[in-house]
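By convention here, the first residue in the shown sequence is residue 1.
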Amino acid sequence: MKTKTGFNLRNVCGENIIVAEGKENIDFSNIISMNQSSAYLWKKAQEVETFTPENLAEWLTEEYEVDKETALADAQTVANQWVTAGICEE
């Protein structure tokens, strides 16, 4: 998986928001808000060329007190949401 170019995390009035930058990404019909842990994962995912749900789970266990099984289930959910939202591609 990889994050799509032009989608960047910004903090707007205390909220983590994915902002589409560039003419090809302008669409204000969807605002993507992220909680603290998903924003952390997004930042980590943008640092690498590609990633897997397993990578996301590993990053979660490194940063938060969560067991590997829960982290993997949550990571898979987040990855699926990102693909559905169109900010990430498989």
Side-chain angles (χ1 to χ4, degrees):
M1 303 180 81
K2 66 180 185 173
T3 60
K4 285 189 177 178
T5 303
F7 290 95
N8 296 302
L9 183 68
R10 299 283 184 255
N11 189 290
V12 179
C13 298
E15 294 289 324
N16 292 307
I17 306 290
I18 294 292
V19 176
E21 298 175 351
K23 292 179 187 175
E24 65 278 358
N25 291 326
I26 295 178
D27 178 4
F28 295 106
S29 63
N30 292 319
I31 294 176
I32 301 166
S33 178
M34 294 190 172
N35 65 20
Q36 183 179 353
S37 57
S38 61
Y40 166 76
L41 291 176
W42 183 261
K43 288 176 192 175
K44 295 290 284 184
Q46 286 195 308
E47 293 174 358
V48 297
E49 189 170 323
T50 62
F51 63 91
T52 64
E54 289 78 13
N55 297 127
L56 296 176
E58 181 180 331
W59 296 331
L60 282 173
T61 60
E62 290 172 358
E63 185 71 11
Y64 300 98
E65 292 183 23
V66 61
D67 63 87
K68 191 168 184 167
E69 184 177 306
T70 301
L72 186 55
D74 291 349
Q76 188 63 58
T77 298
V78 166
N80 291 340
Q81 289 172 341
W82 290 352
V83 170
T84 299
I87 60 173
C88 181
E89 50 194 39
E90 295 183 87

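- The OG1 atom of Thr3 sits 4.5 Å away from atom CD of Gln46, with the distance rounded to the nearest 0.5 Å.
- Ser37 and Tyr64 get closest at one heavy-atom pair: CA-OH, 3.3 Å.
- Side chain of Gln76 to backbone of Ala57: no donor-acceptor contact under 3.5 angstrom is found.
- The nearest pair of heavy atoms linking Ile32 to Ala85 is CD1-CB, 4.0 Å.
- Heavy-atom minimum distance, Ala79 versus Leu56: CB-CD1, 4.1 Å.
- Around atom CD of Glu47, more than 12 heavy atoms belonging to other residues, nucleotides or ligands sit under 6.0 Å away.
- Atoms SG and CH2, from Cys88 and Trp42 in turn, are 6.0 Å apart once rounded to the nearest 0.5 Å.
- Closest approach of Ala45 to Trp59, counting heavy atoms only: N-CZ3, 3.8 Å.
- Residues satisfying the side chain to side chain contact (heavy atoms under 4.5 Å, CB included) test with Ala39, not counting sequence neighbours, are Leu9, Asn16, Met34.
- Shown here for Leu60 and Ala71, the closest heavy-atom pair between the two residues is CD1-O, 3.7 Å.
- To the nearest 0.5 Å, atoms OH (Tyr40) and CG (Asn35) are separated by 13.5 Å.
- Side-chain polar atoms of Thr77 and Asp74 form no donor-acceptor pair below 3.5 angstrom.
- Note that CD of Gln81 is 9.5 Å distant from CD1 of Ile87, once rounded to the nearest 0.5 Å.
- Here the shortest heavy-atom pairing between Lys2 and Glu49 reads CB-O, 3.3 Å.
- No continuous path of ILVMFWY side-chain contacts below 4.5 Å connects Leu72 to Trp82, so the two sit in separate hydrophobic clusters.
- The distance from atom OG1 of Thr50 to atom CG of Asn55, rounded to the nearest 0.5 Å, is 7.5 Å.
- Taking a 6.0 Å sphere around NZ of Lys43, one finds it holds 12 or fewer heavy atoms contributed by other residues, nucleotides or ligands.
- Counting only heavy atoms from C-beta outward, the side chains of Glu63 and Leu41 never approach each other to under 4.5 Å.
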